[in-house]
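Report on the following structure.
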There are 2 protein chains.
Amino acid sequence: MEGLPEIHECKRTIMAVHDAMHVLGGKWKVSIVASLCFGPKRYSEILKDVHGISGKMLSRELKDMELNKLVNRTVLDTQPVTVQYELTDYGQTLKPMIANLAEWGIEHRKEIFGK
Amino acid sequence: MEGLPEIHECKRTIMAVHDAMHVLGGKWKVSIVASLCFGPKRYSEILKDVHGISGKMLSRELKDMELNKLVNRTVLDTQPVTVQYELTDYGQTLKPMIANLAEWGIEHRKEIFGK
DNA sequence: CTGTATCCACCTTGATACTG
DNA sequence: CAGTATCAAGGTGGATACAG
């Protein structure tokens, strides 16, 4: 597999992909990560960014990702309270993968609608 | 976002990621693609590769991916019949993304178990 | 604003049995 | 070997109401 000199075995790759998906599974997680790739966001901002997600699901997914050390949650001392989410250093390591996925998604859209 | 010179906007990235996930969503698709990244495979080989998947789900996911032009299905003239699946040229474009995901998955496993 | 609780419809998946 | 059919169970996610 090109571009992956460290990997020489199929099963190992599949396991790795499976591990990654265990953390990024669910309908919304990668979209949320994508949103947070562009800097810290408040709850309501993510809600607007990720089209179609409900408040319940956003809370739930963010809590999941917090447990997995992917995002940090900070309650800001404002009136009324606002909460800021941001990728942890660990979460930042997902950026290249998100970038790849986005790039493919754009090409895919062209493939579907463009011609 | 580093490594993505063409993308300058958050919403567009999120949409792109969403589009990609529309095709790769579901519990098993990325694992199946990962398996096929290592060359054509027969149904039963994929079944062994992707740990935990049932025959029903494998059939269903492969059919989905065939509709989306990601994989080719070829019935081989053997006795009994065997069926070979392989990534289309279009499906091959997913390789970099799978490679990234696998790389991250391996690091993630270290993060969880390694220390 | 940022959630949580509840109820509920739907979808996904697994198990099993069966076909060509 | 490569599927399909059927059933049952559990998970997923939306709507709404409510709380701090």
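In what follows, every chain begins at residue 1, and chains take the letters A, B, ... in the order their sequences are listed.
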When you compare the side chain of [Y] with that of [X], does any pair of heavy atoms fall below 4.5 Å?
X       : Y       : result
R109(A) : M15(B)  : yes
L70(A)  : L94(A)  : yes
K41(B)  : Q84(B)  : no
T13(B)  : F38(A)  : yes
T93(B)  : W104(A) : yes

Assign a letter to each nucleotide of nucleotides 13-20 of chain D from its 5' end: B, base within under 4.0 Å of a protein heavy atom; S, sugar-phosphate only; -, no contact. BBB----B
Whole-Å gap separating C1' (dA2(D)) and CZ (R73(B)): 8 Å
Let me know the distance between CD of Q84(B) and C1' of dC1(D), rounded to the nearest Å. 14 Å
Residues A20(A) and G105(B): closest non-hydrogen pair is CB-CA, 4.0 Å
Under-4.0 Å side-chain N/O to phosphate OP1/OP2 contact, R42(B) with dA2(D): yes
Examine dG3(D): is either OP1 or OP2 under 4.0 Å from a nitrogen or oxygen in the side chain of Y85(B)? Give yes or no. yes
Please find the earliest and latest nucleotides of DNA chain C, in the 5' to 3' direction, that have an atom within less than 4.0 Å of any heavy atom of chain A. dC1(C) to dT6(C)
Between E107(B) and K110(B), does any NZ, NE, NH1 or NH2 come within less than 4.0 Å of an OD or OE carboxylate oxygen? yes
